[in-house]
Every structure is written in structure tokens, then in C-alpha cells.
Amino acid sequence: MKKAVRVINKHHIDADFSILEQYNLTEKDLIKGAICENCKGNQLFRRHGTWICHQCQLSSKKAHIQALRDYFYLLGSTITNQQLRDFLNISSSSSATRILQSMNLTSSGANKGRVYSLYFDE
């Protein structure tokens, strides 16, 4: 089994196409924000470090993780504070910084030039 895993990993090739291009979509076509796991479609809003659903009142501290996983697969493996705020529909740059730092992502650059690398174990 271990040998099979090594062989598969050795021959793995990342996809070299954009999902958005494949389906003729743009970033504007995406539904942005953290989505409620209970209602399946309602966007969550962030208040005091917690994501809350307007409709069912579900609250979650980690709803942003699935949204960033979607960002990773659809838009790319790097993200800036501004891109995070735009994608999650939050206005506070300090909240965005706290979200990014809480995920222990590697980053390069400083201040407005800082770029975070997204990586998700499957």
C-alpha cells in the first residue's frame, strides 16, 4: 500500500487548466462569502470573530476555511488581505489579517505587498 501511494504521488501532475476558463466563467460569476452549512446557500456575516447566518442563526468560528478552500480551487493558491476581504465580504483589514494568521499560512512580502500561500491537506 505504501509503495502504491509513493508511485501515485510520484506520477501526480497538477491540473494545468483554470476551472473558470473551462466553464467560460469569470470571477464576477462566483457567489462570494462564507456559505451556511445548514441552509446551503445563505451567506454568513462576521461579528466578533464568529460567522452567523441571518436565516437559521447558525454560528461558526471556522466557516471561512471552506470558503478559502473554494477560493484555492477556483482562483489560485495565493491570496492577499484585500483579496480575502473581497472574497469573504468583510470590510476590516485587521479581521482579514487575524483570519489569515489563524490559519498559519506561509507568507512572503511585507505590509500591503504580503501574499499568503493557501494549502489544504486532503
Side-chain angles (χ1 to χ4, degrees):
M1 183 64 91
K2 289 181 183 179
K3 185 175 182 180
V5 169
R6 279 195 304 271
V7 169
I8 290 170
N9 284 334
K10 182 178 179 181
H11 295 296
H12 172 74
I13 299 171
D14 287 335
D16 62 349
F17 61 89
S18 165
I19 292 175
L20 294 180
E21 287 176 12
Q22 183 177 358
Y23 292 102
N24 211 14
L25 300 171
T26 66
E27 189 174 342
K28 292 178 182 178
D29 295 319
L30 300 176
I31 298 171
K32 297 180 179 181
I35 304 298
C36 180
E37 293 176 11
N38 191 38
C39 299
K40 303 290 186 211
N42 291 317
Q43 290 184 349
L44 305 177
F45 68 96
R46 189 163 172 89
R47 175 161 296 141
H48 304 296
T50 303
W51 295 97
I52 302 169
C53 177
H54 281 292
Q55 187 166 340
C56 70
Q57 300 304 311
L58 175 82
S59 64
S60 171
K61 292 272 189 191
K62 298 185 178 192
H64 59 276
I65 294 173
Q66 183 58 48
L68 288 176
R69 188 180 304 263
D70 294 341
Y71 181 97
F72 173 79
Y73 289 120
L74 294 170
L75 299 172
S77 61
T78 60
I79 193 166
T80 65
N81 185 297
Q82 177 63 48
Q83 290 168 324
L84 178 101
R85 285 184 279 145
D86 179 55
F87 193 74
L88 293 180
N89 299 320
I90 56 177
S91 58
S92 170
S93 64
S94 59
S95 291
T97 299
R98 281 192 293 277
I99 288 170
L100 291 164
Q101 289 176 344
S102 73
M103 295 180 66
N104 296 318
L105 302 172
T106 59
S107 64
S108 60
N111 301 325
K112 287 189 176 189
R114 183 166 289 142
V115 177
Y116 296 86
S117 297
L118 297 172
Y119 179 78
F120 296 97
D121 289 328
E122 293 301 324

Is it true that [X] and [Y] fall in one hydrophobic cluster, defined by side-chain heavy atoms closer than 4.5 Å?
X	Y	value
Y116	I90	yes
L68	V115	no
L58	F45	no
L75	I19	yes
L105	L74	yes

[X] versus [Y]: any side-chain heavy-atom pair under 4.5 Å?
X	Y	value
I35	K40	no
Q43	I31	yes
C36	L44	yes
L20	D29	no

Nearest heavy atoms of [X] and [Y], plus distance in Å:
X	Y	result
L88	A67	CD2-CB, 3.5 Å
T50	S59	CG2-CB, 3.7 Å
R114	T80	O-CG2, 3.8 Å
C39	C53	SG-SG, 3.7 Å
A96	L84	CB-CD2, 3.3 Å
E27	K32	OE2-NZ, 3.6 Å

Mind checking whether Y71 and F87 have parallel, tilted or perpendicular rings, split at 30° and 60°?
-> perpendicular
Any side-chain donor paired with an acceptor under 3.5 Å for D70 and Q66?
-> yes
Roughly how far, to the nearest 0.5 Å, is [atom2] of [Y] from [atom1] of [X]?
X	Y	atom1	atom2	value
S117	I79	OG	CD1	11.0 Å
I99	S92	CD1	OG	9.0 Å
S107	N81	OG	CG	11.5 Å
R98	M103	CZ	CE	15.5 Å
N104	Y119	CG	OH	14.5 Å
S95	R47	OG	CZ	12.0 Å

Just wondering, more than 12 heavy atoms not from N24 lying within 6.0 Å of its CG?
-> no
Kindly check if the number of other-residue, nucleotide or ligand heavy atoms within 6.0 Å of CD (Q83) is above 12?
-> yes
